[in-house]
Amino acid sequence: MEIGLGGCQSNKEEIFPLAWKKGIRIFDDGWRYNGTLNNTQFLGEFLKDKDNYKIIEKIPLLHNLNIYNVDLYTCSDEELESEVRRIFQIQLDTMKQTYFEYYLFHAIFDNCSRKDFSFVKETELYIRVWKVLNKLKEEGKIGHIGFSAHISFELLYRFIMKMEKHNCKMDTAMVSYNIKNKDGIKTPNKDCWSSPGIDGINFLKNRGYTLINMMITERNTIPANEAYEFASKVPFDIILTGTSNKKHLLNNIGVINNEL
């Protein structure tokens, strides 16, 4: 079991040094978190004189960040590859890295509640982009390809089976499993995002995925002791403690180390 620091939006100058001091060596980042590369740049500066750490980075595809120069759905394969490589290189350069241990599709199907959502259209894009990411992996720039998701088990199942049908091998999944969403949540509500629940966790585990648990305290609405004790019953490989509060960070780390 490893502990990672999830996307930290504030108090970075206090949180990151404290996390490192307490033994956290996995850091999660995403362009989509605040729509800028501010966190990416900060993390690069923070890690520049350190080693023996792992980065979880993500590619945003379905989110309106206005970072692509072409329409990803209609452009040619050559144009798509050029754009994916450009975005990937920007992330590497901004973080002063040459390699990402984990590179994930960020929040797959987050637009599934929209009336114009098309599973076929979105999945075709993931398949095309996966081919580029696999090339980057073969070039030694990515260790593991995967995805993060706030979706139901039904949609997760369809996605995995479609990707496997097209030989798009992934091995890492970042999902949320906690007391509130353990049975799965199809439609998000004011308390929880959508979640595949325990059925989704078991489905991924049986397929050999590295499992990363995010939002374990559901935005600090579940006490850390209860949250981590509950999650410890499922063999996750990495638990992200996403917080911008020193007290919460220390509490979460303490609970994880005591319980796990």
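Side-chain atoms of Y157 and D199, non-hydrogen and from C-beta on, never get closer than 4.5 Å to each other. Residues N52 and R25 are not in side-chain contact: their nearest non-hydrogen atoms beyond the backbone lie 4.5 Å or more apart. Counting heavy atoms from C-beta outward, T172 and T210 have side chains that approach closer than 4.5 Å. Side-chain contact check for Y209 versus D237: every heavy-atom pair is 4.5 Å or farther apart. Between I26 and I56, some side-chain heavy-atom pair lies under the 4.5 Å cut-off.
Between Y102 and H144, the ring planes are parallel. Angles under 30° get that label, and only those over 60° would be called perpendicular.
Across every non-hydrogen atom of D191 and N189, the tightest pair is N-OD1, 2.7 Å. Counting all heavy atoms, side chain and backbone alike, A224 lies closest to N252 at CB-OD1, 3.1 Å. Closest approach of E218 to T221, counting heavy atoms only: O-OG1, 2.7 Å. Contact record, R86 with I67: NH2-O, 2.6 Å, taken as the closest heavy-atom pair. Contact detail for I216 and N178: the closest heavy-atom pair is O-CB, 3.2 Å. When all heavy atoms are compared, the tightest approach of L104 to F147 is CD2-N, 3.7 Å.
Rounding to the nearest 0.5 angstrom, the gap separating the CD1 atom in I108 from the CG atom in L61 is 10.5 Å. Rounding to the nearest 0.5 Å places CD1 of I239 at 13.5 Å from CE of M214. Here I179 contributes atom CD1 and E226 contributes atom CD; the two are 5.0 Å apart, rounded to the nearest 0.5 Å. Distance check: L43 CG to L37 CG gives 12.0 Å after rounding to the nearest 0.5 Å. In this structure, CD1 on I145 lies 7.5 Å from CG on D171, to the nearest 0.5 angstrom. Here the CG-CD1 distance, from L92 to I87, works out to 12.0 Å after rounding to the nearest 0.5 Å.
Summarising the local packing, NZ of K165 is surrounded by 12 or fewer heavy atoms from other residues, nucleotides or ligands at distances under 6.0 Å. Residue K96 places its NZ atom among more than 12 non-hydrogen atoms of other residues, nucleotides or ligands, all under 6.0 Å distant. A 6.0 Å sphere centred on CZ of F203 holds more than 12 heavy atoms belonging to other residues, nucleotides or ligands.
Qualifying ring-ring contact (aromatic ring centres under 6.0 Å, His included) partners for F88, counting only residues two or more places apart in sequence or in other chains: F100, Y103. The ring-ring contact (aromatic ring centres under 6.0 Å, His included) search around F16 returns F27, F42, F46, not counting sequence neighbours. In this structure F117 satisfies the ring-ring contact (aromatic ring centres under 6.0 Å, His included) test together with F109, sequence neighbours excluded. E164 meets the side-chain contact (heavy atoms from CB on, under 4.5 Å) test with I160, M161, R207; sequence neighbours excluded.
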Derivation and outcome, side chain to side chain contact (heavy atoms under 4.5 Å, CB included), residues I24 and L249: CA-CA 11 Å; I24 287 181; L249 178 66; 4.3 Å; yes
Evaluation steps, side chain to side chain contact (heavy atoms under 4.5 Å, CB included), between M174 and L240: CA-CA 9 Å; M174 180 187 292; L240 292 181; 3.6 Å; yes
L204 vs L156, side chain to side chain contact (heavy atoms under 4.5 Å, CB included): CA-CA, chis, key distance, verdict: CA-CA 9 Å; L204 292 167; L156 173 69; 4.1 Å; yes
Y126 vs M170, side chain to side chain contact (heavy atoms under 4.5 Å, CB included): CA-CA, chis, key distance, verdict: CA-CA 11 Å; Y126 288 129; M170 300 179 293; over 6 Å; no
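Although no hydrogens or angles enter the test, the distance criterion places no donor-acceptor pair under 3.5 Å between the side chain of E79 and the main chain of T74. Judged by distance alone, with hydrogens and angles left aside, the side-chain atoms of S148 form a donor-acceptor pair with the main-chain N or O of A107 at under 3.5 Å. Judged by distance alone, with hydrogens and angles left aside, the side-chain atoms of T217 form no donor-acceptor pair with the main-chain N or O of P223 at under 3.5 Å. Put simply, the side chain of N206 gets close to the backbone of N202: a donor and an acceptor are under 3.5 Å apart. Formation of a donor-acceptor pair under 3.5 Å by the W31 side chain with backbone atoms of K58 is not found in this model.
For the residue pair Q89/D93, the side-chain donor-acceptor check at 3.5 Å is satisfied. A donor-acceptor pair shorter than 3.5 Å cannot be found between the side chains of Q97 and Y99. A donor-acceptor contact under 3.5 angstrom links the side chains of S176 and N181, judged on distance only. Between D29 and T40, the side chains place a donor N or O and an acceptor N or O closer than 3.5 Å (distance only, hydrogens not considered). In summary, the side chains of K12 and N39 do present a donor paired with an acceptor at a separation below 3.5 Å, with no hydrogens or angles considered.
Evaluation of the salt bridge (Lys or Arg N to Asp or Glu O under 4.0 Å) test over residues 124-149, restricted to residues two or more places apart or in two chains, returns D77-R128, E81-K135, R85-E139, E139-K141. Applying the ring-ring contact (aromatic ring centres under 6.0 Å, His included) test to pairs two or more places apart or on separate chains, those with a residue in residues 176-201 are H150-W193, Y177-F230.
Note on L211: it does not cluster hydrophobically with I185, by side-chain heavy-atom contacts below 4.5 Å among ILVMFWY residues.
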